[in-house]
Amino acid sequence: MGFLTGKTAIITGAGRAVLSDGSCGSIGYGIATAYAKEGANLVITGRNVKKLEAAKEELERLYGIRVLPVQADVSSGSDNEAVVQNVVKQAVETFGGIDVLINNAQASASGVPLATHTTEQFDLALYSGLYAAFYYMKACYPYLKESKGSVINFASGAGLFGKYGQCAYAAAKEGIRGLSRVAATEWGPDGINVNVICPIAWTAQLENFKNAYPEAYKANVNMPPMGHYGDPEKEIGRVCVQLAHPDFKYLTGETLTLEGGLGLRP
């Protein structure tokens, strides 16, 4: 049994995705796998029902935990608060509470320069990332306060370093960083741990970015000094596990930059 046995985690953007070589191609699914190995009950969300069902089947079969997949898409023009509240309602009805919220989901039109970025492309990044984190944090707050739980949000080096062709993505991620710092200040007295991870991992999304925008990829994506990208489960997922540990409170409100999955810098 792991130390998360009996705990419930909501992980957004956790559908099963694979790389062209068949290996894990999703940070969200890597996190879900790391949590499953620690015995957590999982609520996984995403836009693609088939990917969610595939994740549920594999995680339950391999690790003997319970997985609740809920299709959810936070986007412009939708009743997003109702979408998120439905996820939280199902999570509480199924598992009795919420101990960890991981806001991982993010869509964007990466590779498009700022001068040619459309409003629709900008909205895509802001709604799927920043607004989604906002709505999920609000909806989960009462349950996280009760459980003295954890929030783990995802930002990016695109915002930290101003990467080319990443204006909407960077704006969404920097907004998430600011939102997280405020939440850490306001929710710390409630015993809620709030942290941000800025990872780099080889994912199906990054693989697609490389194929679609090779020049933007060369300008933005650099191999970490250790010579490999972070592993979605073993490195990024395990960081998320560590941040949910009840004794891990001293980094509350900090931003962690994952350099190839091999080091943390507060």
Worksheet item: Does atom NZ of K173 have more than 12 heavy-atom neighbours, drawn from other residues, nucleotides or ligands, at distances under 6.0 Å?
Response: yes

Worksheet item: Can you name the residues that form a side chain to side chain contact (heavy atoms under 4.5 Å, CB included) with K218, not counting sequence neighbours?
Response: E215

Fill in: Atom pair CG/CG of N153 and L101 - distance to nearest 0.5 Å
6.5 Å

Discussion item. Just to verify, what does L52 make a side chain to side chain contact (heavy atoms under 4.5 Å, CB included) with, not counting sequence neighbours?
Written reply: I44, P69

Item to complete: Evaluate side chain to side chain contact (heavy atoms under 4.5 Å, CB included) for Y143 paired with I10, printing each intermediate quantity in order.
Response: CA-CA 12 Å; Y143 306 102; I10 294 178; over 6 Å; no

Worksheet entry | Nearest heavy-atom neighbours spanning L42 and A36 | CD1-CB, 4.3 Å

Fill in: Side chain to side chain, V100 and K7, heavy atoms closer than 4.5 Å
no

Item to complete: May I ask you to test the I176-N103 pair for a side-chain heavy-atom distance under 4.5 Å?
Response: no

Worksheet item: Listed by chain and number, what are the side chain to side chain donor-acceptor pair (under 3.5 Å) partners of E53, not counting sequence neighbours?
Response: none

Discussion item. Can you confirm whether I197 sits close enough to C240 that some side-chain heavy atom of one is under 4.5 Å from a side-chain heavy atom of the other?
Written reply: yes

Worksheet item: Among the clusters formed by ILVMFWY side chains lying less than 4.5 Å apart, do V112 and L124 turn up in the same one?
Response: no

Discussion item. Show the nearest heavy-atom pair for residues C198 and G157, with the distance to one decimal.
Written reply: CB-N, 4.4 Å

Worksheet item: Between Q106 and S128, is there a donor-acceptor pair closer than 3.5 Å when you use the side chain of the first and the backbone of the second?
Response: no

Item to complete: Is it possible for you to say whether I102 and F3 belong to one hydrophobic cluster, with membership spreading through side-chain heavy-atom contacts below 4.5 Å?
Response: yes

Discussion item. Using modelled atom types and a 3.5 Å cut-off, is there a donor and acceptor pairing between side-chain atoms of N104 and backbone atoms of T12?
Written reply: yes

Worksheet entry | G149 backbone acceptor or donor facing D99 side chain under 3.5 Å | no

Response to the item:
One should read off an interatomic distance between K234 NZ and T33 OG1, to the nearest 0.5 angstrom, of 11.5 Å

Worksheet item: Between the main-chain N or O of I98 and the side-chain N or O of S147, is there a donor-acceptor pair closer than 3.5 Å?
Response: yes

Discussion item. Quick check for you: to the nearest 0.5 Å, what is the distance between T118 atom OG1 and D123 atom CG?
Written reply: 8.5 Å

Practice prompt. Sequence neighbours left out, what passes side chain to side chain donor-acceptor pair (under 3.5 Å) with S78? Give chain and number order.
Written response: S75

Discussion item. Show the nearest heavy-atom pair for residues A55 and A14, with the distance to one decimal.
Written reply: CB-O, 3.9 Å

Fill in: Listed partners of D190 passing side chain to side chain donor-acceptor pair (under 3.5 Å), at least two apart
Y141

Item to complete: If the plane angle is over 60° it's perpendicular, under 30° parallel, otherwise tilted; pick one for F134 and Y131.
Response: perpendicular

Discussion item. According to ring-ring contact (aromatic ring centres under 6.0 Å, His included), does anything in residues 45-90 pair up with another residue at least two apart or in another chain? List the pairs.
Written reply: none

Worksheet item: Nearest 0.5 Å, what's the CD-CZ distance between E233 and R238?
Response: 7.5 Å

Discussion item. Can you list everything that forms a salt bridge (Lys or Arg N to Asp or Glu O under 4.0 Å) with K138? Sequence neighbours excluded, please.
Written reply: E81

Worksheet entry | From I65 atom CD1 to E38 atom CD, the distance as rounded to the nearest 0.5 Å | 12.0 Å

Response to the item:
Rounded to the nearest 0.5 angstrom, the OG-CZ distance for S156 and R177 is 10.0 Å

Worksheet item: Excluding sequence neighbours, so at least two apart, what forms side chain to side chain donor-acceptor pair (under 3.5 Å) with E58?
Response: R16, Y29

Fill in: Side-chain heavy atoms of F154 within contact of I236, under 4.5 Å
yes

Practice prompt. Take S150 and L243 through the side chain to side chain contact (heavy atoms under 4.5 Å, CB included) test and state the conclusion after the steps.
Written response: CA-CA 7 Å; S150 299; L243 290 174; over 6 Å; no

Discussion item. Please find the pair of heavy atoms, one from N80 and one from V74, that lie closest to each other, and give the distance.
Written reply: OD1-CA, 3.2 Å

Discussion item. Are V182 and L126 linked, directly or through intermediate hydrophobic residues, by side-chain heavy-atom contacts shorter than 4.5 Å (ILVMFWY only)?
Written reply: no

Fill in: Side-chain heavy atoms of V241 within contact of K37, under 4.5 Å
no

Fill in: Exercise: identify the closest heavy-atom pair between M137 and V151
CG-CG1, 4.2 Å

Discussion item. Run the salt bridge (Lys or Arg N to Asp or Glu O under 4.0 Å) test against E57 and tell me which residues pass, sequence neighbours left out.
Written reply: R61

Item to complete: Kindly check if the number of other-residue, nucleotide or ligand heavy atoms within 6.0 Å of NZ (K56) is above 12?
Response: yes

Return all side-chain donor-acceptor pairs below 3.5 angstrom for residues 83-95, not counting sequence neighbours, or 'none' if the list is empty.
from: N86; atom 1: OD1; to: Q90; atom 2: NE2; distance (Å): 3.4
from: K89; atom 1: NZ; to: E93; atom 2: OE2; distance (Å): 2.7
from: T94; atom 1: OG1; to: Q90; atom 2: O; distance (Å): 2.7

Determine all donor-acceptor pairs shorter than 3.5 Å in which one atom belongs to a side chain in residues 161-172; sequence neighbours excluded.
from: K163; atom 1: NZ; to: N220; atom 2: O; distance (Å): 3.3
from: Q166; atom 1: OE1; to: S110; atom 2: OG; distance (Å): 3.3

Worksheet item: What heavy-atom pair brings A105 and G13 nearest, and what distance separates the two atoms?
Response: CB-N, 3.7 Å

Fill in: F122: partners by ring-ring contact (aromatic ring centres under 6.0 Å, His included), with sequence neighbours left out
none

